[in-house]
Each structure stands twice: as C-alpha cells, then as structure tokens.
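First the structure, in the form of structure tokens, and then the observations on it.
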Amino acid sequence: MQEKTYTFFQNVYDVVRQIPEGRVTSYGAIAKYLGMARSSRMVGYAMNAAHELPDVPAHRVVNRNGLLTGKHHFSTPFEMQQLLEKEGVEVKDDQVLNFKQLSWNPTEELKL
DNA sequence: CCTTTGACTCACT
DNA sequence: CAGTGAGCCAAAG
C-alpha cells in the first residue's frame, strides 16, 4: 500500500466527499480539520485538481464568507450556483443564503 | 533545485 | 465600516 501516496489533496477530497447534500463548508474549516488552518489556500488549490473527480462536490465548498469565490473556475460561473440551488441551497449574488445555518463543520461532525 | 502561483484568511489603515 | 496588503503552505513549472 502506498500510504505515503496520500497527499494533502487526497485528504481534502476525502473530506469534501463527506459533505452532505444541501450543505456547504468553507476552505478554512476543511484545512483546520486537516490540521492546516493556515493552508486554506491549498484547499482551494486541491479542488482545482478535484475537477476530474466526480465524487468531489467542489460546488459545496465556498470561502468563509459563504461567497462562491470558485465559481469562476467552473465550466461556467453559473454552474456552481445552479448546483447549489439544485440541492436546496439558496444562492443570491454569488453568496450562499443562510450560509451560517448550512455551514457544515467537519471538525465537529467528523470529530470523534 | 529554485521560482511562481493560487477556488483563502487575518490584520491593519 | 470598508478596502487593501501581506502571510502562509504546498504543489506544479
């Protein structure tokens, strides 16, 4: 087994894959859960490669303000918003409504 | 091997 | 109260 093969990216994918439908999380939350709260940028960077992974709902990952900062990286800037609304998440002006209410913290949910 | 970037976040002005 | 700047860390070139 190539356990060492697991990199920061793989770790991020694993967490993002566990995001329940209709829920959203922030890069910092994932980074913090991984023990790298200061590497929040790396989370987004990892998502960039996650584009090829069908099990990684990058559209459920937004910045800590609930703003769809990464929408511009999708096929179309509307794709991210459409996917979120499709799951029941209201998005207005590229911002997730009730983000604080829908925010899913892996540190509290996945934390033992 | 060293340099640059990047879907963020915090802090100061 | 709002905007701009610097910091951080890891992967790709």
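Below, chain A is the first sequence line, B the second, and so on; all start at residue 1.
- Evaluation of atom-type donor-acceptor distances gives a pair under 3.5 Å for the side chain of A/Y27 against the base of B/dA7.
- Remark: side-chain polar atoms of A/R64 are not paired, donor with acceptor, to backbone N or O of A/G28 under 3.5 angstrom.
- At least one side-chain heavy atom of A/M80 sits under 4.5 Å from a side-chain heavy atom of A/V62.
- A distance of 8.0 Å separates CG of A/L53 from CE of A/M47, quoted to the nearest 0.5 Å.
- Put simply, the side chain of A/R38 and the base of C/dC8 share no donor and acceptor less than 3.5 Å apart.
- Among the protein residues, A/F9 comes within range of the sugar-phosphate backbone only, with heavy atoms under 4.0 Å from sugar or phosphate atoms but none that close to a base.
- One can place CE of A/M47 at 13 Å from C1' of B/dC8, the figure rounded to the nearest angstrom.
- A/S40 has no side-chain polar atom (N or O) that falls below the 4.0 Å cut-off from OP1 or OP2 of C/dC9.
- Rounded to a whole Å, the CG atom of A/N65 is 10 Å from the P atom of B/dC8.
- Using a 4.0 Å heavy-atom distance criterion, A/N63 is classed as a sugar-phosphate-only contact.
- Side-chain to base pairing of A/R64 with B/dC8: no donor and acceptor N or O lie closer than 3.5 Å to each other.
- The nearest whole Å value for the distance from the CD1 atom in A/I30 to the C1' atom in B/dA7 is 11 Å.
- Computed from coordinates, the A/H73 NE2 to B/dT5 P distance equals 14 Å when rounded to whole Å.
- Rounded to an integer number of Å, the gap from A/L68 CG to B/dC8 P is 11 Å.
- Across all strands shown, A/A49 has no heavy atoms under 4.0 Å from either base or sugar-phosphate atoms.
- At least one donor-acceptor pair under 3.5 Å links the side chain of A/T25 to the backbone N or O of A/W104.
- Tracing side-chain contacts under 4.5 Å through hydrophobic residues (I, L, V, M, F, W, Y), one never reaches A/L67 starting from A/V24; they form parts of separate clusters.
- Comparing B/dC8, C/dC9, C/dA11 by their nearest atom to the side chain of A/T69 picks out B/dC8.
- Closest to the side chain of A/R41, from the set C/dA11, B/dC8, B/dA7, is B/dC8.
- Following rounding to the nearest Å, A/E79 (CD) and B/dA7 (P) show an atom-to-atom distance of 17 Å.
- The separation between A/Q95 atom CD and B/dA7 atom P is 20 Å, rounded to whole Å.
- Nearest to the side chain of A/T7, among B/dA7, C/dC9, C/dA11, sits C/dA11.
- Heavy-atom nearest nucleotides on DNA chain C were determined for A/Y45 and for A/S39, and the one closer to the 5' end corresponds to A/S39.
- Contact annotation: side chain of A/H59 to base of B/dA7, donor-acceptor pair absent below 3.5 Å.
- Per the geometry, CZ belonging to A/F8 stands 8 Å off C1' belonging to C/dA10, to the nearest Å.
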